[in-house]
Structures are given as structure tokens and as C-alpha cells.
Asker: 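I'd like to ask you about the structure that follows.
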Amino acid sequence: MSVFNQPFPHNSTRRGAFMTAAGFGIFISVFLLVFRPFELDIIEKKLLIKSSILFGFVTFFCIFGTSMFLNFFFPKLYSEEKWTTGKQILNMAGVVVLVGLVNYLVSPLLFDTRLTWEKAFYYQGIAISVGLLPIIIYTLYIQNHKLRQFQQEASTLQEKLKARKGEQVGIPQETVLPVNNIITFEGDNQAEKKMINVNQLIYIEAASNYIKLFFEQQEKITYAIIRMTMKKAEETVTPYPVFFRCHRAYIVNLDKIDKVEGNAQGYKLKMNGAGDLVPVSRNLNSEFSDRLFAFRKPGGLGD
């Protein structure tokens, strides 16, 4: 049961939903055309092809349409941060039921039949028997494949990170951490301002119309909240290459990364002294790796 509680890489983009829906739609069409289950072997070839294409299109339409609808109207419920393998399977099981319902409704277009309760249960049985097992297998495969991939890549990054930190041992503290680099965050509200030393700022997190600035103060981690957009915050730290926007909701100080971990959703960063893990968007994995180990002169963070 622990597998069903594991994070799952939920792709909410239109392209990702389209590719997944197209894959299952093609699978259903080919499966029906080749194996001809549920008495499809007794119908003529033209009707078989027409039926296979129509049921495949219904599968595509239900998966793609449901994904776009739910992600648009319930973004928090379907956010990747809370998405698990179990939720993915339950969500797709609901789509299978929808596919069975739509197949039942369009069946009179193909066959000389009436819409009855008996036919409704019959088409639900077909949809579940054909679609549910492949969905479970596909979901578990993707979860396991992505988990292994990102754990292996994160382990490689962690080894490089440890090696880089080892190389910095012996460099004078005042050389690596200049004391005069102060960043001033000016909020949208009048006279709202927060000044933080570059070397004390750990990461920035979006919080609706505000941002949270997590920084070191008297050997403890604290935070300040300012009314500011992430775009403006990113522009504020742009002069300092040590900062990197790794996610739509996070900007991190690359020198404050303590550990790189990985799960099926991608990289997770353990920041110095911080309890929560910071995610890295999967489309930024390559750029993150390059930036994390980019050469920086020891003369200062802003060089």
C-alpha cells in the first residue's frame, strides 16, 4: 500500500495531457482491431475499423478533456505537490467509467441497438476489463521508472556537490562570503522594504500575492513576508548569479543547498537549516545541474 502513497509525476500541461490521451486512444484502437474482443470478430471489417477508431477517439477525448477540465477548475486539488500514485490510479479509474458511459451513448451510431440499462452495464464492463489493468500497469511503471531515474541523477548531483564543497575548504571566509552584498526587496506597499545580506538569504517562496524570504539570523532560520510578485523578486536577485529560480514558486541560493534528493516527481533540495524540501521543475533539471556546478570566481557572489 505504501506504493500508492508515493509521489507521482502529474503532468498538468496541455502537451503532456494530449500525449497521454493519444497514447491510450491509439492503444484502445489497436487492441480492438487486432484482438477483436466482445464479439467484434463477428462484424464486418469496415464496421470493425470504424468501431475501433471511434472507441479510440472516445478514449482520447475523455482522458484529454477530463485532464484539462479538472486541472483548470481544481488546480489545488490536482497540484503535483499533493499528487500520489494512488490518486493517479483513482483518477484514471474515474476516466475509465466515463469512457464506458460515452461508448454506451455513441453505440447506436455503430450498431442497431437501443440505450438500455443492460447495455449501459455491458459497456461499463468492457471499458473496465480493457482499460483498468493497462492503466494500473502504466501508472506503476511510470512511477517506478521516474523514481529510479531521479534518485540516480540526484545521487550523482549530490556526489558532485560534496566534492565541490570539499574543494572550497581552506578558502578564506571573507573571500567566499563578501559582507557588503546587500539585497533590498521593495514591496508593492508604500515604504515596505527588507534588506538582507546575499550570503544570509537561503531561498524565496511564493505565497499568493506575497513572497517569503527565508534567511539566516543569529544562527537561526527565520523569514519575512513582503507583498511582491515572484517575477519582481527574480529581477531583484538577477545581479547575483548564485540565485536560481528552480520552480515557479521558488528561488534558491545555490550556495545554500545542503543536499539533492530525488523522487518520481523530480529533484528535491534540502536547504541549509530549512525543514521543507524545495522542488525543482523537471523542465529545469538540465539548467539546474549546469548552474549548480558553474564556475564562480572566489572573489564574490556577484562576480
Asker: I want to check something: taking the side chain as every heavy atom from C-beta on, are L115 and S107 in contact at a cut-off of under 4.5 Å?
Answerer: yes

Asker: Using 30° and 60° as the class boundaries, would you call the ring planes of F60 and F57 parallel, tilted or perpendicular?
Answerer: tilted

Asker: If you round to the nearest 0.5 Å, how far is CD of Q149 from CD1 of I142?
Answerer: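 I142 CD1 to Q149 CD: 10.0 Å, rounded to 0.5 Å.
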
Asker: State plainly whether one hydrophobic cluster holds both F121 and L105, where clusters connect Ile, Leu, Val, Met, Phe, Trp and Tyr through side-chain heavy atoms under 4.5 angstrom apart.
Answerer: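 Per the 4.5 Å side-chain linkage, F121 and L105 are not co-clustered.
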
Asker: What about M19 and F27, same hydrophobic cluster or not, with Ile/Leu/Val/Met/Phe/Trp/Tyr joined at side-chain heavy-atom distances under 4.5 Å?
Answerer: no

Asker: With a 4.5 Å heavy-atom cut-off, do F288 and L157 have their side chains touching?
Answerer: yes

Asker: Looking at side-chain heavy atoms only, is the closest gap between P9 and E80 below 4.5 Å?
Answerer: yes

Asker: Is there a side-chain contact between F150 and K268, using heavy atoms and a 4.5 Å cut-off?
Answerer: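 Not touching, per the 4.5 Å side-chain cut-off.
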
Asker: Is there a side chain to side chain contact (heavy atoms under 4.5 Å, CB included) between N253 and Y240 once you walk through the steps?
Answerer: CA-CA 9 Å; N253 184 334; Y240 303 91; over 6 Å; no

Asker: Would you name the heavy atoms of G262 and A154 that are closest together and state the gap between them?
Answerer: N-CB, 3.7 Å

Asker: CG of D276 to OH of Y250: how many Å apart, nearest 0.5 Å?
Answerer: 7.0 Å

Asker: Show the numbers, then the answer: is there a side chain to side chain contact (heavy atoms under 4.5 Å, CB included) between Q158 and K259?
Answerer: CA-CA 6 Å; Q158 179 62 19; K259 187 177 182 181; 3.6 Å; yes

Asker: Using the rule ring-ring contact (aromatic ring centres under 6.0 Å, His included), only one of F215, Y203, F214 pairs with Y223; which is it?
Answerer: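 Exactly one candidate clears the test, F214.
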
Asker: Should we count NZ of K232 as having more than 12 external heavy atoms under 6.0 Å?
Answerer: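 Yes, NZ of K232 has more than 12 neighbouring heavy atoms, counting only those of other groups under 6.0 Å.
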
Asker: For a quick test of reading the model, state the closest non-hydrogen atom pair linking K194 to A224 and the distance between them.
Answerer: CE-CB, 4.1 Å

Asker: Looking at T184 and M195, would you say the former's side chain and the latter's main chain have a donor-acceptor pair under 3.5 Å?
Answerer: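 No: the side chain of T184 does not pair with the backbone of M195.
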
Asker: Kindly check if the number of other-residue, nucleotide or ligand heavy atoms within 6.0 Å of CG (D188) is above 12?
Answerer: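 More than 12 heavy atoms, drawn from other residues, nucleotides or ligands, come within 6.0 Å of this atom.
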
Asker: Do F69 and V102 land in one hydrophobic cluster if side-chain heavy atoms of ILVMFWY residues count as linked below 4.5 Å?
Answerer: yes

Asker: Is there a donor-acceptor contact under 3.5 Å from the side chain of S289 to the main chain of N285?
Answerer: no

Asker: Decide if atom NZ of K212 counts as having more than 12 heavy atoms of other residues, nucleotides or ligands within a radius under 6.0 Å.
Answerer: yes

Asker: Search all heavy atoms of L140 against all heavy atoms of T85 and return the closest pair with its distance.
Answerer: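 Nearest pair, atom of L140 first, then T85: CD2-CG2, 4.0 Å.
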
Asker: Atom CZ of residue position F31 - does it have more than 12 heavy atoms of other residues, nucleotides or ligands inside 6.0 Å?
Answerer: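 More than 12 within 6.0 Å, yes.
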
Asker: Same hydrophobic cluster for Y122 and F55, using side-chain heavy-atom links shorter than 4.5 Å among ILVMFWY?
Answerer: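 Yes; F55 is reachable from Y122 via cluster members.
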
Asker: Looking at every heavy atom in both N272 and I202, which two are closest together, and how far apart are they?
Answerer: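 Shortest heavy-atom separation between N272 and I202 comes out as O-CD1, 3.4 Å.
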
Asker: Looking at CG of L161 and CD1 of I257, how far apart are the two atoms once the value is rounded to the nearest 0.5 Å?
Answerer: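 Rounded to the nearest 0.5 Å, the CG-CD1 separation comes out at 7.0 Å.
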
Asker: Could you check whether any side-chain heavy atom of Q265 comes within less than 4.5 Å of a side-chain heavy atom of R282, counting everything from C-beta outward?
Answerer: yes

Asker: Is there side-chain contact between R14 and F64, with at least one heavy-atom pair below 4.5 Å?
Answerer: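 In contact.
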
Asker: What's the separation between atom OG1 in T59 and atom CG in L98, rounded to the nearest 0.5 Å?
Answerer: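 If we round to the nearest 0.5 Å, T59:OG1 and L98:CG are 10.0 Å apart.
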
Asker: Hey, does the side chain of S155 reach the backbone of Q151 with a donor-acceptor pair shorter than 3.5 angstrom?
Answerer: no

Asker: Does any N or O in the side chain of E216 come within less than 3.5 Å of the main-chain N or O of Q200, such that one atom is a donor and the other an acceptor?
Answerer: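 Side chain of E216 to backbone of Q200, a donor-acceptor pair under 3.5 Å: no, none is there.
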
Asker: Ignoring hydrogens and geometry, is there a side-chain-to-backbone donor-acceptor pair from K256 to N199 under 3.5 Å?
Answerer: yes

Asker: Step by step, would you call K87 with H10 a side chain to side chain contact (heavy atoms under 4.5 Å, CB included)?
Answerer: CA-CA 10 Å; K87 288 182 178 180; H10 178 54; over 6 Å; no

Asker: What about L90 and V96, same hydrophobic cluster or not, with Ile/Leu/Val/Met/Phe/Trp/Tyr joined at side-chain heavy-atom distances under 4.5 Å?
Answerer: no

Asker: Show your reasoning for whether side chain to side chain contact (heavy atoms under 4.5 Å, CB included) applies to V237 and I204.
Answerer: CA-CA 10 Å; V237 300; I204 304 171; 4.2 Å; yes

Asker: Which residue in the set L277, I221, V278 passes side chain to side chain contact (heavy atoms under 4.5 Å, CB included) when paired with M271?
Answerer: V278

Asker: So, taking the atom named CD1 in I26 and the one named CD1 in I53, what distance separates them when rounded to the nearest 0.5 Å?
Answerer: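 One gets 11.5 Å once the value is rounded to the nearest 0.5 Å.
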
Asker: How about L32 and P37: do any of their side-chain heavy atoms sit closer than 4.5 Å?
Answerer: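 Side chain of L32 against side chain of P37, heavy atoms only: contact under 4.5 Å found.
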
Asker: Are the side chains of V260 and V280 in contact, using a 4.5 Å heavy-atom criterion?
Answerer: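 A side-chain contact under 4.5 Å is absent here.
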
Asker: Please name the pair of heavy atoms, one in Q6 and one in Q143, separated by the smallest distance, quoted to 0.1 Å.
Answerer: CB-NE2, 3.3 Å

Asker: So for atom CD, which belongs to E118, do other residues, nucleotides or ligands contribute more than 12 heavy atoms lying within a distance under 6.0 Å?
Answerer: no

Asker: Check whether more than 12 heavy atoms from other residues, nucleotides or ligands sit under 6.0 Å from atom CZ of F111, and answer yes or no.
Answerer: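 Enclosed.
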
Asker: Is a donor on one side and an acceptor on the other found under 3.5 Å between the side chain of N103 and the backbone of Y123?
Answerer: no

Asker: Y267 and side-chain hydrogen bond (donor to acceptor under 3.5 Å, both in side chains): which partner among E261, H247, E153?
Answerer: E153

Asker: Tell me whether R245 contacts the main-chain N or O of R248 through its side chain, where contact means a donor paired with an acceptor under 3.5 Å.
Answerer: yes

Asker: Among T238, L254, L201, V252, find the one that has a side chain to side chain contact (heavy atoms under 4.5 Å, CB included) with F243.
Answerer: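 Testing each of T238, L254, L201, V252 against F243, the sole residue satisfying side chain to side chain contact (heavy atoms under 4.5 Å, CB included) is L201.
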
Asker: Looking at I43, is its backbone amide N or carbonyl O close enough to the side chain of R36 to form a donor-acceptor pair, meaning the two atoms are under 3.5 Å apart?
Answerer: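 No, because the side chain of R36 does not come within donor-acceptor range (under 3.5 Å) of the backbone of I43.
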
Asker: Checking ring-ring contact (aromatic ring centres under 6.0 Å, His included) between W83 and each of F74, Y78, F4, F8, which is the one that passes?
Answerer: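 Going through F74, Y78, F4, F8 one by one, the ring-ring contact (aromatic ring centres under 6.0 Å, His included) with W83 is satisfied by Y78 alone.
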
Asker: Between V99 and C62, which heavy-atom pair has the shortest distance, and what is it?
Answerer: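 Heavy atoms only, the tightest pair is CG2-CB, 3.6 Å.
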
Asker: Is there a donor-acceptor pair closer than 3.5 Å between any side-chain N or O of S67 and the backbone N or O of I63?
Answerer: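 Answer holds: no.
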
Asker: With a sphere of 6.0 Å drawn around CD of Q152, does it hold more than 12 non-hydrogen atoms of other residues, nucleotides or ligands?
Answerer: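 Incorrect, the count does not exceed 12.
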
Asker: Working to the nearest 0.5 Å, report the span between CD1 of I137 and CG of L132.
Answerer: 10.0 Å

